[in-house]
Amino acid sequence: MPRHYSRFSSGDDSVDLYTAKLMAALMLTAKGVPFIYYGDEIGMRDFVPADIGQMRDIQGLTAYRMAKESGMPEADALTAAILRSRDHSRTPMQWDGSRYGGFSLHGSWIPLGPSSQQVHVQKQWGSKHSLLEFYRSLIRLRGKHKALQTGKYTFLKRKGECIYYGRQSEEEEVWVALNFGNRPCDLNHLAADAASYRLLLTSKETSADSNRCHSLIIDPFEAAVWATSTNHNMQ
């Protein structure tokens, strides 16, 4: 399976970063058990071998051999091999920008992934708006709020390209909005059902004590989470 950072890539690095944060928020706030595959939390991309010598997966190598035996040109055979290969997400974890990515002191069994010099833990650790820190914030948030762990859905809806839902525990209700579109999404109608709400987390570079806390207009490519006390009569 391809890494979701590559699978949903738009080709625009800034948009891809927000999309990756949306995927993280969906996984860590919706029902179900979250699984984080190593490297997703820093935005590692798929590895695409430049030649067959860089491929390690027997499935891809077999596809390459069969393609060559059928008379395919080298470039087409490599393409066929890449389509069948499972190497895309098997490259070493990128801990730092050193020669071997901080994974080892020597070359690994498979080459490092693309952008390993720019995309690594050391660069993102403590960086306020990085993907890694957003994952860490989401995990802390999930740990603090039972509604995000075992809460039932009070509503689950879609408006345009924005998915929004509420999850409720005995103590509270949490609202989540994930805007996968490039236009703002107005969810202020939810405020009529809430005695109060407060912004817990947003993927956008916005201060939690700004006017953003008092609006339910979701920016393009924004993930936002609120805690709320409601009358539990969601429309």
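- Side chains of L216 and W226 form a contact here, defined as non-hydrogen atoms less than 4.5 Å apart.
- Checked against salt bridge (Lys or Arg N to Asp or Glu O under 4.0 Å), R45 has the following partners two or more places apart in sequence or in another chain: D13, D16.
- Taking a 6.0 Å sphere around CZ of R84, one finds it holds 12 or fewer heavy atoms contributed by other residues, nucleotides or ligands.
- Note: T154 OG1 to R167 CZ = 10.0 Å, rounded to the nearest 0.5 Å.
- Partners of K159 by side-chain contact (heavy atoms from CB on, under 4.5 Å), not counting sequence neighbours, listed by chain and number: Y164, C185, D186, L187.
- Among residue pairs with one or both ends in residues 103-118, none qualify as salt bridge (Lys or Arg N to Asp or Glu O under 4.0 Å); sequence neighbours excluded.
- Between T19 and Y5, the closest side-chain pair of non-hydrogen atoms is not below 4.5 Å.
- For R99, the CZ atom sits in a loose shell: 12 or fewer heavy atoms of surrounding residues, nucleotides or ligands are nearer than 6.0 Å.
- Side-chain N or O atoms of T228 include one that pairs as donor or acceptor with a backbone N or O of S196 at under 3.5 Å.
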| field | Verdict with supporting geometry, L148 and H145, side-chain contact (heavy atoms from CB on, under 4.5 Å) | value | CA-CA 6 Å; L148 294 177; H145 295 271; 4.3 Å; yes
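- Shown here for A25 and L178, the closest heavy-atom pair between the two residues is CB-CD2, 3.7 Å.
- You'll find the side chain of P184 reaches within 4.5 Å of the side chain of P220, heavy atoms only.
- Under the salt bridge (Lys or Arg N to Asp or Glu O under 4.0 Å) criterion, E170 pairs with no residue at all, not counting sequence neighbours.
- A salt bridge between K123 and D96 is absent, with no side-chain N of the basic residue lying under 4.0 Å from a carboxylate O of the acidic one.
- Residues satisfying the side-chain contact (heavy atoms from CB on, under 4.5 Å) criterion with R65, sequence neighbours excluded, are T62, E69.
- Residues satisfying the salt bridge (Lys or Arg N to Asp or Glu O under 4.0 Å) test with E74, not counting sequence neighbours, are K68.
- Between V225 and W175, the closest side-chain pair of non-hydrogen atoms is not below 4.5 Å.
- With sequence neighbours left out, E133 forms a side-chain hydrogen bond (donor to acceptor under 3.5 Å, both in side chains) with R136.
- The 12-atom threshold is exceeded at CZ of R140, counting heavy atoms of other residues, nucleotides or ligands nearer than 6.0 Å.
- One finds the CG atom of L22 at 7.5 Å from the CG atom of N179 (value rounded to the nearest 0.5 Å).
- Other residues sharing a hydrophobic cluster with M55 under the 4.5 Å side-chain heavy-atom criterion for ILVMFWY residues are V48, I52, L61, Y64, L78, I82.
- The distance from the OG atom of S130 to the CD atom of Q124 is 4.5 Å, given to the nearest 0.5 Å.
- Annotation for A67 and S70: closest pair O-OG, 2.7 Å, computed over non-hydrogen atoms.
- Rounding to the nearest 0.5 Å gives a distance of 11.0 Å between NZ of K146 and CD of E172.
- S85 places no side-chain N or O within 3.5 Å of a backbone atom of G60 that could act as its donor or acceptor partner.
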| field | Test log, rule side-chain contact (heavy atoms from CB on, under 4.5 Å), inputs I139 and I36 | value | CA-CA 11 Å; I139 292 169; I36 302 171; 4.1 Å; yes
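- The closest side-chain heavy-atom distance from P49 to R56 is not below 4.5 Å.
- Hydrophobic cluster membership for L83: none, as no Ile, Leu, Val, Met, Phe, Trp or Tyr side chain comes under 4.5 Å of it.
- A distance of 9.0 Å separates CZ of F134 from CG of L141, quoted to the nearest 0.5 Å.
- Listed here is the closest heavy atom pair of A147 and V174: CB-CG2, 3.9 Å.
- Minimum interatomic distance between H129 and K21 (heavy atoms only, all atoms of both residues): O-NZ, 2.8 Å.
- None of H88, Q54, R90 except one satisfies the side chain to side chain contact (heavy atoms under 4.5 Å, CB included) rule with F47; the exception is Q54.
- With respect to D57 and R86, a salt bridge is recorded, a charged nitrogen being found less than 4.0 Å from a carboxylate O.
- Residues in residues 25-40 take part in these side-chain hydrogen bond (donor to acceptor under 3.5 Å, both in side chains) pairs, two or more places apart or across chains: R3-D40, T29-Y165.
- Looking at F8 and M23, their side chains come closer than 4.5 Å, going by heavy atoms from C-beta outward.
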Expected list for residues 109-116: side-chain donor-acceptor pairs under 3.5 angstrom, two or more places apart:
none

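- Heavy-atom minimum distance, F180 versus F221: O-CE2, 3.5 Å.
- Between S108 and P92 the shortest heavy-atom distance is OG-CG, 3.3 Å.
- Scored by the salt bridge (Lys or Arg N to Asp or Glu O under 4.0 Å) test, D76 finds no partners at all (sequence neighbours excluded).
- L131 CG to M44 CE: the interatomic distance, rounded to the nearest 0.5 Å, is 12.0 Å.
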